[in-house]
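Below is one structure, written out as structure tokens; the observations come after it.
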Amino acid sequence: MDQATLIAKLTGAVGADYIHTDPVALRAYNCDALTIYKGQPSAVVLPADTEQVQQVVRLCREAGVPLIPRGAGTCLSGGATPAPGGVLAVFVRMNQILEIDYENHLARVQPGVVNLHLSRETLPRGFHYAPDPSSQMACTIGGNAAENSGGAHCLKYGMTTNHIQGMTVVLASGDAVRLGSDGDEAPGLDLRGFFIGSEGTFAVTTELTVRLTPNPEGVRTMLACFKEVGDACRTVSEVIAAGAVPAAMELMDRYTIEAVEKVMQAGYPKDAGAVLLIELDGLPSSMRPLEALIHGICMRNACASFRAAQSEAERDSLWMGRKRAFGAFGAIAPAYYCLDGTVPRSKLAVVLEEFDRIAARYGLRITNVFHAGDGSLHPNVLFDDRVPGETARAVECGAEVLRACIRAGGVLSGEHGIGIEKKREMRDQFDAATLGIMERVRDAVDPEGIFNPGKILPGGDVEFPLAGASQPGGVARMAAAFSK
Ligand SMILES: Cc1cc2nc3c(=O)[nH]c(=O)nc-3n(C[C@H](O)[C@H](O)[C@H](O)COP(=O)(O)OP(=O)(O)OC[C@H]3O[C@@H](n4cnc5c(N)ncnc54)[C@H](O)[C@@H]3O)c2cc1C
């Protein structure tokens, strides 16, 4: 099928108002939040329901053209950046909360529902959707499922996979199948778990049944400030080792504090080397002894000041600084590259020291703001993308940071996924036999490689050039194949 025929048939499937092919409009979709890699799609379609998604999948397969699912495009590993010449399916029209079953603590939603919108809907009835990525005001539940996203409160409540009970997905054949169940048990192989975190490379999700969590009776939010980041790290492991699992435990280093306080007044002391934002939730009576325990551990680790938020406004302000920290980096650097390796909690302090040494070798700065309780790091390499060669240097620096996480017994990704960003380092994490199994599994699910090619697994034909760099052969080949 040639390009003109494919576009005509896609238009027939979704309607003329719901397809973009104009190159200017398509530019808005050529990357996700990892803006250093680009890929220009040939069309963007906005399907309205599962049947339209099935038609789009069948057409792309027939034409031999990649299909890339996209939610809000907030992915930080390039997952939603299209293989050049591919068709992007965006779920802005599939944004309905279909059913809320308070009796069974479940909600049935379309993939384009914004994460925070579900909690906003259910909070007045005493429930919320627990996984809370910092991007929750924009990212979608379909994207969260594809990335198995985490968030500040996932320390206590678990990642996205712990909150998805069932899902409807459209396979490469065009068949729609239901994975998991609406009950607590799902017989047979756990295909639901298998598809969660597959980053849009296995199927397109068109409906999800998610768990709703009762709102806690009480919440206590504390800010512990330290002169040395190492002391804050040791506090984190000691708190968890003592058997206290807070709802959230977030660490911000001095560069992050500087950026946040420049942009908004969150109330973090500007002279601190690190702050820990610790939140407890549950019955107020059960939180008092835990707060005392945590306070004691902080003080033993040279905590310079410790306070608990005295009002909802103060709590909001403390959280605002954390949730908007990434945006604030714009105040201290022209560009940043956000990574997410995970290490055992006990290794946090030594790994952060290693990051400083790596940054010094590259003549760059690394800031850290992360989910400390589960060792899920977000090192941000600050750089100036206007300086020739500095983007490539930041990427190399980032690769070293990821390898340092692996050496410390950690993993390549805590929550942002592998995407384009970390696929090269998959060879540092996994041996050839393990990568071979992953390839065979992907080939079994999507034999023609229609869904989101060029992601997760190293090798393959599809390549994404660094922004500003000349295009390597793989991209040119993909574009040429499509224009036939
Ligand atoms: C400021 C900021 C803060 C962030 N904080 C966090 C955080 O705390 N925790 C965290 O985990 N992540 C975080 N992220 C990363 C990002 O928000 C998450 O990965 C999120 O889940 C992506 O959702 P999305 O709707 O934007 O998906 P997209 O970016 O559009 O897509 C992400 C992936 O999902 C696939 N996909 C999307 N929809 C579907 C579908 N319906 N079917 C199949 N595949 C699909 C895409 O192909 C892609 O591979 C942050 C990002 C930003 C910019």
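One-based numbering along the sequence shown. Both ligands and their constituent atoms are indexed starting at 1 by order of listing.
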Ring pair (Phe, Tyr, Trp, His ring centres under 6.0 Å) partners of residues 127-158, not counting sequence neighbours, each pair once =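 Residue pairs passing ring pair (Phe, Tyr, Trp, His ring centres under 6.0 Å), neighbours aside: Tyr102-Phe127, His105-Phe127, His153-Trp319.
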At a non-hydrogen distance cut-off of under 4.0 Å, which region of [X] contacts ligand 1 (side chain, backbone, both, or neither)?
X	result
Lys455	neither
Pro133	both
Asp32	neither
Asn452	side chain
Ala203	backbone

Donor-acceptor side-chain pairing of [X] and [Y] below 3.5 angstrom:
X	Y	result
Glu415	Ser149	no
Asn115	Asn144	yes
Thr168	Arg178	yes
Asp175	Ser173	yes
Arg345	Ser237	no
Arg211	Gln165	yes
His416	Glu421	no
Lys9	Gln55	no

Quick one: which ligand 1 atoms are inside 4.0 Å of a heavy atom on [X]?
X	result
Gly79	47 (O), 48 (C), 49 (O)
Pro111	41 (N)
Cys75	29 (O), 32 (C)
Ser149	11 (O), 18 (C), 19 (O), 20 (C), 21 (O)
Ala146	34 (O), 35 (C), 36 (N), 44 (N), 45 (C)
His371	8 (O)
Phe91	40 (C), 41 (N)
Gly71	25 (O), 28 (P), 30 (O), 37 (C), 38 (N)

task = Compare all side-chain heavy atoms of Phe464 with those of Thr81 and state whether any distance is below 4.5 angstrom.
result =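 They are in side-chain contact.
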[X] versus ligand 1: do any nitrogen or oxygen atoms come within less than 3.5 Å of each other?
X	result
Thr205	yes
Val204	no
Arg322	no
Leu76	no

Can you report which non-hydrogen protein atom sits closest to [atom], along with the distance?
atom	answer
atom 28 (P) of ligand 1	Gly73 N, 3.5 Å
atom 25 (O) of ligand 1	Thr140 OG1, 2.6 Å
atom 31 (O) of ligand 1	Ala80 CB, 3.7 Å
atom 24 (P) of ligand 1	Ala72 N, 3.5 Å
atom 8 (O) of ligand 1	Ser134 N, 2.9 Å
atom 27 (O) of ligand 1	Gly143 CA, 3.5 Å
atom 22 (C) of ligand 1	Thr74 OG1, 3.3 Å
atom 12 (N) of ligand 1	His416 CD2, 3.5 Å

message = Is the terminal nitrogen or CZ of Arg70 (NZ for Lys, CZ for Arg) located under 6.0 angstrom from the six-membered ring centre of Phe91 and within 45° of that ring's axis?
response =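 No, Arg70 does not sit over the ring of Phe91.
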task = Please determine if Asp101 and Arg108 form a salt bridge, counting it only when a charged side-chain N lies under 4.0 Å from a carboxylate O.
result =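 Answer for the salt bridge query: no.
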Judged on heavy-atom distance to [atom], which of [options] sits nearest?
atom	options	answer
atom 19 (O) of ligand 1	Glu147, Met94, Glu199	Glu147
atom 4 (C) of ligand 1	Cys154, Ser135, Gly150	Ser135
atom 47 (O) of ligand 1	Pro69, Gly200, Ala33	Pro69

query = Passes side-chain contact (heavy atoms from CB on, under 4.5 Å), Glu390 versus Asp385? Steps please.
reply = CA-CA 6 Å; Glu390 197 154 310; Asp385 52 353; over 6 Å; no
message = Working to the nearest 0.5 angstrom, can you tell me the gap between Leu276 CG and Glu250 CD?
response =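 Rounded to the nearest 0.5 Å, the CG-CD separation comes to 9.5 Å.
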query = Atom CG in Asn380, atom CD1 in Ile366: separation rounded to 0.5 Å?
reply =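 Output value for this atom pair is 9.0 Å.
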task = Please report the C-alpha distance between Glu147 and Glu199 in whole Å, then the side-chain angles of each, then the deciding distance to 0.1 Å, and finally whether the side-chain contact (heavy atoms from CB on, under 4.5 Å) criterion is met.
result = CA-CA 5 Å; Glu147 296 294 335; Glu199 302 186 22; 3.8 Å; yes
ask   = If you measure from each heavy atom of Gln136 to ligand 1, is any distance below 4.0 Å?
value =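 In this structure, Gln136 fails to qualify as a contact of ligand 1 - no heavy atom is under 4.0 Å.
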inquiry  = Tell me whether Ser42 contacts the main-chain N or O of Gly85 through its side chain, where contact means a donor paired with an acceptor under 3.5 Å.
reply    =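 Yes, because the side chain of Ser42 sits within donor-acceptor range (under 3.5 Å) of the backbone of Gly85.
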